Structure formats: structure tokens, C-alpha cells
Amino acid sequence: MISPEWPSLPFSDWEKTCDTLHMWTQIVGKTRLALTPLQNHWWNVTLYVTPRGLTTSPIPFRQTSFEVEFDFVGHQLSVRTSEGRGYDIPLFPRSVADFYREYMACLTSLGIEVSIHLTPAEFDDKTPFDQDQHHASYDARQVESFRRILINCDRIFKQFRSPFLGKCSPVHFFWGAFDLAATRFSGRRAVLPKDADAVTREGYSHECISCGFWPGDRRFPHPAFYSYTAPKPSGLEKESVLPSAGYWDTQLGEFILKYNDVRISKTPEMGILDFSQSTYEAGAKLAKWDRGALERRE
């Protein structure tokens with residue numbers, strides 16, 4: 001019997017809602033990007049899973065701060081300030097442009113002044129947010145399924161993160177690629193291609209192994225768990241990983257474990273942990289990480 005805690009979420013069933021929500025999170029995420037000081041690997045721009053959805057955490061503004069939370073239980077965007085003021089924006093089928101206008105008006109009404117870059121990042125449609133009338137879907141049932149998956153993945157990735165003693169990211173949500181990730185680092189600087197752009201140079205300045213959950217897109221229309229090692233060591237694609245449903249995807253250039261294979265298994269949590277651990281071990285072995293210094297031994 002499949003647990004209701006692991007609901008079905010075929011990309012084709014919620015593609016329009018996923019795209020709309022993706023753009024909404026970019027608008028909010030770019031607010032954090034504009035107002036926070038740069039942290040290593042862009043950690044200052046991400047969102048975080050909450051019991052109700054996704055949050056920015058406190059964002060500084062002058063001598064105050066504010067927080068923006070996507071509440072997928074109450075289906076509203078909640079903005080709260082350190083001065084005790086607040087504003088709720090309902091989430092329903094509405095265009096990205098309409099959401100953008102009300103969101104910016106909300107910030108202005110709260111005394112928050114910010115300007116964001118209006119072109120979507122890491123998305124196949126570059127229509128500016130203030131002109132995007134065609135992404136206008138919101139299926140509350142599918143969003144609830146997404147929320148439940150994020151809550152489970154957040155918990156499991158935090159468990160996976162626990163025994164690593166080296167530098168490790170928080171479990172955080174990147175609104176660019178629309179994925180939840182946890183990343184471990186060897187401590188060594190990475191050798192990057194000379195033509196690497198500024199985003200890549202910051203994001204991949206040091207050797208890392210990342211695992212995460214991603215709801216899919218039009219290139220790969222399946223929700224999935226992924227793992228990659230950067231820079232990729234020679235022979236990584238030949239390594240065997242757990243569980244048996246995990247595999248190396250040549251198109252994406254990373255290990256993949258489809259979400260549906262996890263949700264129908266007898267032990268979904270163990271499958272995710274095994275996938276995260278076995279792909280980490282494969283990358284760390286071939287990249288010659290000092291695992292004795294980086295891992296807590298029981």
C-alpha cells in the first residue's frame with residue numbers, strides 16, 4: 001500500500017501550475033537576492049521548507065527585516081515585518097504579471113523598496129514577470145502534494161546531512177532550477193572552465209557533491225531525486241548505486257532516481273537515503289575526498 005505521505009505528482013498533471021508557481025517563487029527569491037549580502041555558492045538567495053510551504057527567512061531592509069512565506073495550507077503569500085505589520089496575498093489561478101503587481105504593491109505599502117531583474121532564470125520562457133499573462137494556473141490539490149513531498153524530503157536530507165563534518169549547505173530550495181538540495185564539499189577549490197560564467201564561478205567554486213529533489217521539467221518530465229559530483233570525476237557514470245532503480249542519466253549528466261519508483265517502494269525513506277549515500281560514496285571515492293576527515297564515524 002502506498003503511503004499518502006508520498007502522493008503522486010506526475011509532471012504532466014501539474015505542468016501549468018508548476019510553471020506558474022516556479023515564476024512566483026522567482027519573484028520572491030529575487031527579492032532576497034536584491035536585499036541580502038552575497039554568501040558562498042549563492043546561499044543567500046534560497047528558500048527553506050516550513051510546515052506550511054516555503055519561506056525566505058528574515059530579509060534585512062534598512063534597520064528592520066521582513067519575511068515572505070508561501071503558505072500552501074492557507075493558499076496565500078504572507079509577508080510579515082519586524083515592525084509587526086503584515087500583508088496576505090491569496091494564491092489562486094492568476095497570471096504571473098498579476099501576482100507581480102500585487103506583490104510589489106504589497107512591499108511598497110509596507111515601506112519596502114526593492115527592484116528585481118524581471119527576466120526568469122533557468123527557465124525555458126524568458127517573458128518578463130510583469131508581462132507574463134500566460135502562466136496563470138494554480139491547482140491547490142497538486143500544490144498540496146508538492147508541499148507534502150517537500151516536507152518529507154527536507155526531513156530526510158537533514159538526516160543524510162547529519163554525519164558529515166565538513167562544509168555542507170543547509171537543506172534549501174533553489175528557485176532557479178526549482179529544486180530542494182543539500183550539498184557537501186571536499187574543502188578543495190574546484191578547477192573551472194575558463195569560460196564559466198559568474199553564476200557558475202560562485203556556485204561551483206569548490207568541489208562538491210549535491211543531492212536533491214526536483215519535480216521535473218519539459219526536458220525530463222518526471223519528478224526525481226538526483227545526485228551529481230562537480231567537477232565530475234572520470235568514470236562516475238560507470239558506478240553502481242542504490243537502490244536498483246537508480247541510474248546514470250546521460251542526458252542530464254547525473255544520477256537519477258525517479259520519484260515514482262520511490263513512492264511505490266516498501267521503504268521510500270530508506271531508498272532516498274541509500275541513493276544519497278551511495279552516489280556520494282561513488283563521487284567521493286573517484287574524486288579522492290578525505291572521507292576520514294569529513295565524516296563522523298559511529
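Only a predicted model underlies this, so the values are computations on that prediction, with no experimental measurement involved.
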Hey, are [X] and [Y] close enough for a salt bridge, meaning a charged N less than 4.0 Å from a carboxylate O?
X: Asp124; Y: Arg218; answer: yes
X: Arg52; Y: Glu69; answer: no
X: Lys285; Y: Glu281; answer: no
X: Arg80; Y: Glu67; answer: no
X: Asp154; Y: Lys158; answer: yes

Counting C-beta onward and ignoring hydrogens, is there a side-chain heavy-atom pair between [X] and [Y] closer than 4.5 Å?
X: Arg101; Y: Asp98; answer: yes
X: Thr46; Y: Arg32; answer: yes
X: Cys18; Y: Pro215; answer: yes
X: Ser227; Y: Glu254; answer: no
X: Leu294; Y: Leu165; answer: no
X: Glu239; Y: Leu286; answer: yes
X: Leu110; Y: Phe66; answer: no
X: Arg141; Y: Phe146; answer: no

Do you know which two heavy atoms are closest between [X] and [Y], and how far apart they sit?
X: Lys126; Y: Pro120; value: NZ-O, 3.2 Å
X: Gly216; Y: Phe11; value: O-CE1, 3.4 Å
X: Gly203; Y: Trp42; value: N-NE1, 3.7 Å
X: Val171; Y: Ala182; value: CG2-CB, 4.1 Å
X: Thr50; Y: Leu54; value: OG1-N, 4.0 Å
X: Pro51; Y: Ile151; value: O-CD1, 3.5 Å

Check: [X]/[Y] side-chain N/O donor and acceptor closer than 3.5 Å:
X: Asp125; Y: His134; answer: yes
X: Asp88; Y: Ser78; answer: yes
X: Glu237; Y: Tyr247; answer: no

* Once the angle between the rings of Tyr228 and Tyr226 is folded into 0 to 90°, is it parallel (under 30°), tilted (30 to 60°) or perpendicular (over 60°)? -> parallel
Does the ring centre of [Y] sit less than 6.0 Å away from the ring centre of [X]?
X: Phe123; Y: His135; answer: yes
X: His172; Y: Phe174; answer: yes
X: Phe213; Y: Phe225; answer: yes
X: Phe185; Y: His41; answer: yes

* Val79 vs Arg85, side chain to side chain contact (heavy atoms under 4.5 Å, CB included): CA-CA, chis, key distance, verdict -> CA-CA 8 Å; Val79 184; Arg85 302 179 66 193; over 6 Å; no
Is it true that atom [atom1] of [X] has more than 12 heavy atoms of other residues, nucleotides or ligands lying nearer than 6.0 Å?
X: Lys288; atom1: NZ; result: no
X: Lys167; atom1: NZ; result: yes
X: Gln133; atom1: CD; result: yes

* Full working for side chain to side chain contact (heavy atoms under 4.5 Å, CB included) between Arg147 and Phe70 -> CA-CA 10 Å; Arg147 181 185 73 92; Phe70 283 93; over 6 Å; no
* Structure fact -> Which of Asp132, Leu77, Thr20 passes side-chain contact (heavy atoms from CB on, under 4.5 Å) with Phe99? It is Leu77
* Output all residues satisfying side-chain contact (heavy atoms from CB on, under 4.5 Å) with Asp195, sequence neighbours left out; order by chain, then residue number. => Pro193
* To do: Report the residues that fulfil side-chain contact (heavy atoms from CB on, under 4.5 Å) with Ile156, sequence neighbours left out, ordered by chain and then residue number.
  => Trp6, Glu269, Ile272, Leu273
Backbone N/O of [Y] and side chain of [X]: donor-acceptor pair under 3.5 Å:
X: His22; Y: Gly176; value: yes
X: Ser169; Y: Thr183; value: yes
X: Asp179; Y: Gly212; value: no
X: Gln26; Y: Trp175; value: yes

* Asked: Is the Lys NZ or Arg CZ of Lys30 less than 6.0 Å from the centre of Trp24's six-membered ring, within 45° of the axis?
  -> no
* Kindly confirm or rule out a cation-pi arrangement of Arg184 over Phe160, judged by NZ or CZ under 6.0 Å from the six-membered ring centre and within 45° of its axis? => yes
* To do: Go through the steps for Asp139 and Trp14 under the test side chain to side chain contact (heavy atoms under 4.5 Å, CB included), then give the verdict.
  => CA-CA 7 Å; Asp139 184 326; Trp14 84 305; 5.8 Å; no
* To do: Would you sort out whether Phe220 and His222 count as a ring pair (Phe, Tyr, Trp, His ring centres under 6.0 Å), showing the intermediate values?
  => CA-CA 6 Å; Phe220 187 86; His222 311 279; 5.2 Å; yes
* Asked: Out of Thr56, Thr31, Asn44, which one pairs with Thr36 under the side chain to side chain donor-acceptor pair (under 3.5 Å) rule?
  -> Asn44
State the [atom1]-[atom2] distance between [X] and [Y], to the nearest 0.5 angstrom.
X: Gln142; Y: Phe72; atom1: CD; atom2: CZ; result: 13.0 Å
X: Arg263; Y: Glu5; atom1: CZ; atom2: CD; result: 12.0 Å
X: Ile59; Y: Thr81; atom1: CD1; atom2: OG1; result: 12.0 Å
X: Ser82; Y: Gln63; atom1: OG; atom2: CD; result: 10.0 Å
X: Leu91; Y: Leu21; atom1: CG; atom2: CG; result: 8.0 Å

* Kindly determine whether Ile209 and Thr279 satisfy side chain to side chain contact (heavy atoms under 4.5 Å, CB included), including the steps that lead there. => CA-CA 9 Å; Ile209 300 175; Thr279 54; 5.7 Å; no
* Asked: Val199, Leu33: one ILVMFWY side-chain cluster at the under-4.5 Å cut-off?
  -> yes
* To do: Take Phe173 and Phe178 through the test ring pair (Phe, Tyr, Trp, His ring centres under 6.0 Å) and record every step on the way to the result.
  => CA-CA 7 Å; Phe173 187 87; Phe178 209 59; 5.1 Å; yes
* Assess whether side chain to side chain donor-acceptor pair (under 3.5 Å) is satisfied between Tyr280 and Glu295, documenting all intermediate values. => CA-CA 12 Å; Tyr280 160 72; Glu295 301 169 24; 2.6 Å; yes
* **Stepwise ring pair (Phe, Tyr, Trp, His ring centres under 6.0 Å) test for Tyr259 and Trp214** => CA-CA 9 Å; Tyr259 171 72; Trp214 172 55; over 10 Å; no
